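Below is one structure, written out as structure tokens; the observations come after it.
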Protein chains: 2
Amino acid sequence: MVTIREIARIAKVSRGTVDKVLNNRPGVSDEVRERVSGIAKALGYKPNIIGKALANQKKAFLIGVIVPPDSNPYFEDIKRGVNAAYDEVKYCGIQIDYQVMRSLEPKEQLGIIEHLVDKGITALALNPINDDMIRDAIDEMTGGGIPVVTFTSDILRSRRLCFVGLDVVKSGRVAGELMGKLLQGKGKVAVVFGSRSILSHNQRIEGFTAVMRQDYPGIEILEMVENLDRDDVSFEVTLSLLERYPDLDGLCLMSAGIGGAGRAIKLAENGYGIKVVSFDFIPETVELVKEGIIDFTIGQNPFMQGYQPIKILSDYLLFDRVPQVDFYRISNEIKIKQNIDELYV
Amino acid sequence: MVTIREIARIAKVSRGTVDKVLNNRPGVSDEVRERVSGIAKALGYKPNIIGKALANQKKAFLIGVIVPPDSNPYFEDIKRGVNAAYDEVKYCGIQIDYQVMRSLEPKEQLGIIEHLVDKGITALALNPINDDMIRDAIDEMTGGGIPVVTFTSDILRSRRLCFVGLDVVKSGRVAGELMGKLLQGKGKVAVVFGSRSILSHNQRIEGFTAVMRQDYPGIEILEMVENLDRDDVSFEVTLSLLERYPDLDGLCLMSAGIGGAGRAIKLAENGYGIKVVSFDFIPETVELVKEGIIDFTIGQNPFMQGYQPIKILSDYLLFDRVPQVDFYRISNEIKIKQNIDELYV
DNA sequence: CTGAAAGCGCTTACAG
DNA sequence: CTGAAAGCGCTTACAG
């Protein structure tokens, strides 16, 4: 392994000077800069990350994390991922400031961002509200040397370092294929989703209906109803669907409020034989899968959605590693009764 | 963070002495040993892994890896996992010696183990042949300070550090449930498996039949046939099954030789509508899933089966970290046409 | 048994 | 602009 000492010896300069060249720090003449970087390249120098990490311990890195209100148990797992990553990097001098929002207001999020910048964060992991205000704030931070990684949902045309999340259209497609297989290609289905005003909900619907159209023309989508991610609304609309369509064969539950839908299915006369595909691995869903009410549930590995942004930002801060991809893809996981206990292992 | 320097200062001894105490090295009086370890505990000392890693760079750690003959493309992914882990730890002075067997003979494996021990390995990741000879060798290495992690298949009652693999009975159960759902609980199925003489193949069958019996009494298992993991045999037995049972509804392919089975299904008159569940994500399988011949395939994440043993052994060697569990469980992953492209992300 | 010193590879504050 | 020195936390060979 080539070291800085070795390069310094060959270039006949000090190790400090080599360090400046290799890390594009000012204070070296062009002539020396060129000579040193030539030698480094010729020898195939790779920085030793352990050495870097040890020296960096004198610095203090603070990564801010901003998540939406914790009403959604989904974010429990995201937090577990953040903590797991933190455990791996805390010895390198990295600290975390974890902020939970109280609303979904862009203004509140902007306030938290400003607060964190004042506190001196050196990087930010953000589940962004889709608003120009936030996009501008991201660009300003990036411009000011504070890298931002978005997770779970992205914000388009911003200068964030990368996005960690999943291809939501594909999630919808997976749900569509599973429903098609469950119904052996024929029957009547209904969809319960969160809200038309949320981008990802529309994308799930888009993927689901596309697969139905292309691969399962024998399946008819009777209705798609909003539940606003609320448990009580979920109960009502699901029960109503089951009552209005006595011959319903399948139900795709795309949003939160799964518990309410489950109660409706258990209550309805025609609920027993109905095929159900849902999303996420929250406790209510897991329970319904175990009971046999839900046939398949498609999870998004929220753990990794918390874990990866911290690891990516740590790599950036500690080792100047820039992520290789713009979109760090989390895969869709399919769980059934027999393997629902194997979450995140 | 408490450092060795801090403890040394308080205990009024040198840093070297503190190091000896904290790492149970000889050459310290009992009195000093007790005083120092008391202070360390009182201050909540945690070793800084970066410091340890840097100092350890002077040492040379060599991890041996022994895998079966590479006839099985499955082991390509295991190797990718080994390499990925190696990339993460090579800066800590860890080297890998990767050995591929030519046979499944215990004697050959024993020879390779002895060769590696002569070469001076400090740890071993082993896919063990189930034989007393190998068990004894593992125990001898462990006794001599060389930790052994088994992966993919385990060897019972040995002193290996831990096992990385999956619950094969559960894999069979997952396959059973998927088949049950595909057939809506009624129909006739057949199973093609590798060999009765291989433990894991029997375990898959056990799980599959247990779920059929318990949850899907309306499904009849007509026959279970061996293919010896061979492509040509696979073709023959699958074709024969399809010809002898014109009303066959489902086929569970439990072993290698998937390509042959796929050709038979495409060739047979009744092959088109048949429901198929298979195992692994090898290229042939992926292709058949994309074509719609295979409905579900259950993968074992071989990447992680290669990655984890190296990480576990590195942690042990570098930081004296002992694995928290005896069985490091890899989860069963279910893939279908719409998400078969999301492997290992 | 104990301590002082040098070293792992990189960074930084300071002197020239 | 350049270099010498000290330091990050831990380990080790050596002197006493």
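The structure presented is a predicted model; accordingly, all values stated were derived computationally and were not measured. Chain letters run A, B, ... following the sequence lines, proteins first, then strands; residues in each count from 1.
- Rounding to whole angstrom units, CG of residue B/Asn23 and P of D/dT12 are separated by 8 Å.
- In this structure, CD1 of A/Ile49 is placed 11 Å from P of C/dC10, rounded to the nearest angstrom.
- Considering only residues two or more places apart in sequence or on other chains, B/Glu6 meets the salt bridge (Lys or Arg N to Asp or Glu O under 4.0 Å) condition with B/Arg9.
- Residues from residues 4-11 of chain A lying near DNA chain C, meaning a heavy-atom separation below 4.0 Å, are A/Ile4, A/Arg5 in numerical order.
- As rounded to whole Å, 11 Å separates atom C1' of C/dT12 from atom CG of A/Asn56.
- Rounded to whole angstrom, the span from the CD1 atom of A/Ile50 across to the C1' atom of D/dG9 amounts to 12 Å.
- Closest approach of B/Met141 and B/Ile113 over heavy atoms only: CE-CG2, 3.6 Å.
- In this structure, the separation between OH on A/Tyr86 and NZ on A/Lys311 is 14.0 Å, given to the nearest 0.5 Å.
- Between A/Ile121 and A/Leu124, the shortest heavy-atom contact is CD1-CB, 4.1 Å.
- Distance check, rounded to the nearest 0.5 Å: CG of B/Asn83 to CD1 of B/Ile96 gives 8.0 Å.
- Within residues 37-48 of chain B, the residues approached by DNA chain D to less than 4.0 Å at the level of any non-hydrogen atom are B/Tyr45, B/Pro47, B/Asn48, in residue-number order.
- Atom CG of B/Leu54 and atom C1' of D/dG7 are 12 Å apart (whole Å).
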Determine which bases of DNA chain C form Watson-Crick or G-U wobble pairs with both distances under 3.5 Å, and write the result as a 5' to 3' dot-bracket string with | for other-strand partners.
|||.||||||||.|||
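- Rounding to the nearest 0.5 angstrom, the gap separating the CG atom in A/Asp154 from the CZ atom in A/Arg160 is 4.0 Å.
- At a threshold of 4.0 Å, the pair A/Glu31-A/Arg35 counts as salt-bridged, since one of the basic side-chain nitrogens sits closer than that to a carboxylate oxygen.
- Across B/Gly64 and B/Leu116, no two heavy atoms sit closer than the pair CA-CD1, 4.2 Å.
- Between the C1' atom of D/dC8 and the NZ atom of B/Lys52 lies a distance of 16 Å, rounded to the nearest Å.
- Protein atom CZ of B/Arg25 is 9 Å distant from nucleotide atom C1' of D/dC10, rounded to whole Å.
- Separation of atoms CD (B/Glu342) and CD (A/Glu333) is listed at 9.5 Å; rounding is to 0.5 Å.
- For A/Pro302 against A/Asp77, the heavy-atom pair with the smallest separation is CG-CB, 3.5 Å.
- Atom CD1 of B/Ile78 is separated from atom OH of B/Tyr98 by 7.0 Å, given to the nearest 0.5 angstrom.
- Rounded to whole angstrom, the span from the CG atom of B/Leu22 across to the P atom of D/dC10 amounts to 8 Å.
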Find every protein N or O atom lying less than 3.5 Å from an N or O atom of nucleotides 2-6 of chain D, and list the pairs.
| unit_1 | atom_1 | unit_2 | atom_2 | d |
| --- | --- | --- | --- | --- |
| D/dT2 | OP1 | A/Ser29 | OG | 2.9 |
| D/dT2 | OP2 | A/Ser29 | N | 2.6 |
| D/dT2 | OP2 | A/Ser29 | OG | 3.0 |
| D/dG3 | OP2 | A/Ser14 | N | 3.2 |
| D/dG3 | OP2 | A/Thr17 | OG1 | 3.3 |

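- Of all heavy-atom pairs between B/Ala123 and B/Leu313, the closest is CB-CD2, 3.9 Å.
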Side chains of residues 125-133 of chain A: which donor-acceptor partners sit under 3.5 Å, not counting sequence neighbours?
| unit_1 | atom_1 | unit_2 | atom_2 | d |
| --- | --- | --- | --- | --- |
| A/Asn127 | ND2 | A/Phe151 | O | 2.9 |
| A/Asn127 | ND2 | A/Ser153 | OG | 3.0 |
| A/Asp131 | OD1 | A/Met133 | N | 2.8 |
| A/Asp132 | OD1 | A/Arg135 | NH1 | 2.3 |

